[in-house]
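Worksheet: the structure to be examined is printed underneath.
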Amino acid sequence: MNPLTFEQLVTHLTSTGFVFQGSEIYGGLSNTWDYGPLGVELINNLKRTWWKKFVQESPMNIGVDSAILMNPRVWEATGHVATFNDPLVDCKNCKTRHRADQLIAAARPNMDISKIPAQALGTVLKDEKIACPKCGSHDFTDIRQFNMMFKTHIGVIEDAKTVVYLRPETAQGVFVNFKSIQRTTRKKVPFGVASVGKAFRNEITPGNFTFRTREFSQMELEFFCKPGTEASWYKFWQDACMQYLTSLGIQSKHLRIREHSPEELAFYSKGTSDIEYQFPFGWGEVWGIASRTDYDLKQHMQFSKEDLHYLDPETNEKYIPYVIEPSLGLDRLALMILSDAYQEEVLEKDTRVVLKLHPAIAPYKIAILPLSKQLNEKSQEVMTILSKHFMVTYDESGSIGKRYRRQDMIGTPYCVTIDFDTQNDQSVTIRERDSMKQLRMPIDDLIRYFNVKLFY
RNA sequence: GCAGGUGUAGUUCAGUGGUAGAACAUUAGCCUUCCAAGCUAAUUACGCGGGUUCGAUUCCCGUCACCUGCUCCA
């Protein structure tokens, strides 16, 4: 099998209806993508399996769904308002881009960067005659502030008081609700709160199809534990994440865990690891597992003046819980699943494209295929029965072989064929995608059979 | 944002200063009863906007989008 190229994958996904370019008829909008009829099913299935593993089957965890718009003070507390303003300059000579504060820090180690107001960085850059590290030239553009948060306004009047941000991460929706969640669920630490939703970052360089976009979905778990126990929970959730990916059939040779080096860590972090996947364009982060200490709750305590301590009912100890945060990008997960599932199988006469998707996440579980259009009525009956339980599709045009191929291309794990014997024996033929094997089965047994086969 | 590349049906490709062809795909009909059959029709494209020109898909400029690299990613 030839190695999958990225363009091949993108072509396949856009031409089958998994993904479309955003606002396509208007010439598109940079780096926006829509999920088509197949994509939305996949996405929903991924959310469902993730929620099942991390909420339904994890008695320690519960869920929350918080608003995208939050009080702007939230982002002051987290430091996003401040640190999202990177002072960037371009070298006019060699066209490279740099952070002005970092240039100054590197060239003048004795200077205290934190004392320089952001507006003055450009002047300092000039006065100190700091050179471009790449070409040595002194010709920089003015500083341009890139606030990575999308800004908008509440109400119709746009002034500073009405500014709100689109959340750059879903995590804060959990932290600000920490007290309410704990009180209403009466959960004892350790417990976790799962959240799925959209987040927005005005990335400087998006790209690689749906891998890095400015609008994306996150599936995050904030797991609260007693300080001192975070190391073992960190490992625990890291293992759980890997198990989840393997349970979806991701090939382990395409997965690796990369621990961040101490220099790489955010100042509050006690450890971060990325689960990376080998995409057709290279290794890319899919899931970040971060040990965030009590940073977030502490910050919110300070800024909101609310007491976010947890009182351990057994020991009467009062403490701010530590947090382990496995944060998964849904769009990246989907892209990973699709990259991993795409295969071209060379048969005797020709080649078929197969998406070897795990049955639990395949857009369509079952395709109903009448062998002849005369069998339409009976087929519709079978479809009505199955569609109450499973996402099914129906196809009556073209030869049966062609219809099997169509389903292979989009990852449908099972085809149910209605033939002329069906009327007599009340049975159908099940054709399995991966083995291409066939099985005769009474219609009455189908639901039980597929419930087992499609279980996740 | 910078540099380079690309842009013709859904896909893969032709082609031309006088508004475009094919294959596959799609739809309908005939035929066909379990792994891309055949036959007959049909639908669908020059990314967008300017300029030059009698006339632009073709030449020029701009723009938009995608790809690669750089920079960035709390």
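Letters go in sequence order (proteins before strands), and every chain restarts at 1.
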Looking only at N and O atoms, is any donor in the side chain of A:R403 or the base of B:C35 less than 3.5 Å from an acceptor on the other one?
no
If you only use heavy atoms from C-beta on, which nucleotide in B:C67, B:C73, B:G29 is closest to the side chain of A:E203?
B:C73
Can you tell me the distance, in whole Å, between the CD1 atom of A:I25 and the C1' atom of B:G10?
16 Å
Between P of B:G47 and CZ of A:F20, the distance in whole Å
21 Å
For the residue pair A:Y277 and A:F279, does the interplanar ring angle fall in the parallel (under 30°), tilted (30 to 60°) or perpendicular (over 60°) class?
perpendicular
Donor-acceptor pair (no angle test) under 3.5 Å: A:Y26 side chain, B:C64 base:
no
Whichever of A:G207 and A:G401 has the more 5' nearest nucleotide on RNA chain B, that residue is A:G401
Atom P, compared across B:A22 and B:A45: separation rounded to whole Å
14 Å
Of all the nucleotides listed (B:C35, B:C34, B:A65), which has the minimum atom distance to the side chain of A:T417?
B:C34
What's the gap between B:C48 and B:U12 when it is taken at their C1' atoms, as a whole Å value?
24 Å
Just to be sure I understand the rule, does A:T16 reach a base, reach only the sugar-phosphate, or reach nothing, if contact means heavy atoms closer than 4.0 Å?
nothing
In whole Å, I'd like the distance from the NZ atom of A:K437 to the P atom of B:C35.
16 Å
Below 3.5 Å, does any donor atom in the side chain of A:Q438 face an acceptor in the base of B:C34, or the other way round?
yes
Gap between atoms CG and P, on A:D395 and B:A28 respectively (whole Å):
10 Å
Looking only at side-chain atoms of A:R406, point me to the closest of B:U68, B:A65, B:U26.
B:U26
Should the heavy atoms of other residues, nucleotides or ligands under 6.0 Å from CG of A:D350 be counted, would the total exceed 12?
yes
A:K402 side chain near B:A25 phosphate (N/O to OP1/OP2, under 4.0 Å)
yes
So, does A:S15 get its side chain near the phosphate of B:A25, meaning an N or O under 4.0 Å from OP1 or OP2?
no
Student check: side-chain heavy atoms of A:F450 and A:H389 closer than 4.5 Å
no
With under 30° as parallel and over 60° as perpendicular, where do the rings of A:F211 and A:F281 fit, or are they tilted in between?
perpendicular
Angle between ring planes, A:W233 versus A:W237, binned at 30° and 60°: parallel, tilted or perpendicular?
parallel
Quick note, A:D350 side chain, CB onward, closest among B:C35, B:G29, B:A36 is B:A36
Walk me through it: do A:Q238 and A:E259 pass the test side chain to side chain donor-acceptor pair (under 3.5 Å)?
CA-CA 11 Å; A:Q238 192 181 61; A:E259 293 285 345; 3.3 Å; yes
When you compare B:U8 with B:C67, how far apart are their P atoms, in angstrom units rounded to a whole number?
15 Å
Using whole Å, what does the distance between atom C1' of nucleotide B:A28 and atom CD of A:E396 come to?
12 Å
Report the nucleotide, chosen from B:G29, B:C35, B:C73, that has the shortest atom-to-atom distance to any side-chain atom of A:Y404.
B:C35
Under 4.0 angstrom, heavy atoms only, what part of the nucleic acid is A:T429 near: base, sugar-phosphate, or nothing?
base
Choosing from B:C73, B:A36, B:A37, which nucleotide comes nearest the side chain of A:S399?
B:A37
Distance between C1' atoms of B:A41 and B:C31 (Å, rounded):
15 Å
If you check every side-chain atom of A:T11, which of B:G10, B:C66, B:U12 has the closest atom?
B:U12
How far does the C1' atom of B:C60 sit from the matching atom of B:C24, given to the nearest Å?
36 Å
Among the nucleotides B:C35, B:U12, B:C66, whichever has the atom closest to the side chain of A:N31 is B:C66
To the nearest Å, how far apart are A:D419 CG and B:C34 C1'?
8 Å
Is any NZ, NE, NH1 or NH2 atom of the basic residue among A:R352 and A:E345 found under 4.0 Å from an Asp or Glu carboxylate oxygen of the other?
yes
Looking at A:K373, I'd like to know whether one of its side-chain N or O atoms comes within less than 4.0 Å of OP1 or OP2 on B:U33.
no
Separation of atom CD1 in A:I410 from atom P in B:U11, rounded to whole Å
18 Å
Passes side chain to side chain donor-acceptor pair (under 3.5 Å), A:E396 versus A:N376? Steps please.
CA-CA 8 Å; A:E396 57 173 26; A:N376 216 312; 2.6 Å; yes
Evaluate side chain to side chain donor-acceptor pair (under 3.5 Å) for A:Y404 paired with A:T417, printing each intermediate quantity in order.
CA-CA 10 Å; A:Y404 285 152; A:T417 312; 3.0 Å; yes
Return one dot-bracket line describing RNA chain B 5' to 3' (Watson-Crick or G-U wobble pairs, both distances under 3.5 Å; ( ) same strand, [ ] crossing, | another strand, . none).
(((((((..((((....[..)))).(((((.......)))))....(((((..]....))))))))))))....
Which of B:C34, B:U27, B:U68 is nearest the side chain of A:F6? It is B:U68
Atom-pair distance (CE on A:M436; C1' on B:A36), nearest Å:
11 Å
Among B:C34, B:C73, B:U27, find the nucleotide with the atom closest to the side chain of A:R212.
B:C73
Students often get this wrong, so: under 4.0 angstrom with heavy atoms, is A:N208 touching a base, only sugar-phosphate, or nothing?
sugar-phosphate
Does a side-chain N-to-carboxylate-O contact under 4.0 Å join A:R431 and A:D408?
yes
In whole angstrom, give me the gap between the C1' atoms of B:G10 and B:U27.
13 Å
When rounded to the nearest Å, what value does the distance between C1' atoms of B:C64 and B:G49 take?
10 Å
If I pick the P atom on B:G47 and the same atom on B:U57, what distance separates them, to the nearest angstrom?
9 Å
Judged by each residue's nearest nucleotide on RNA chain B, which is more toward the 5′ side, A:V428 or A:G28?
A:V428
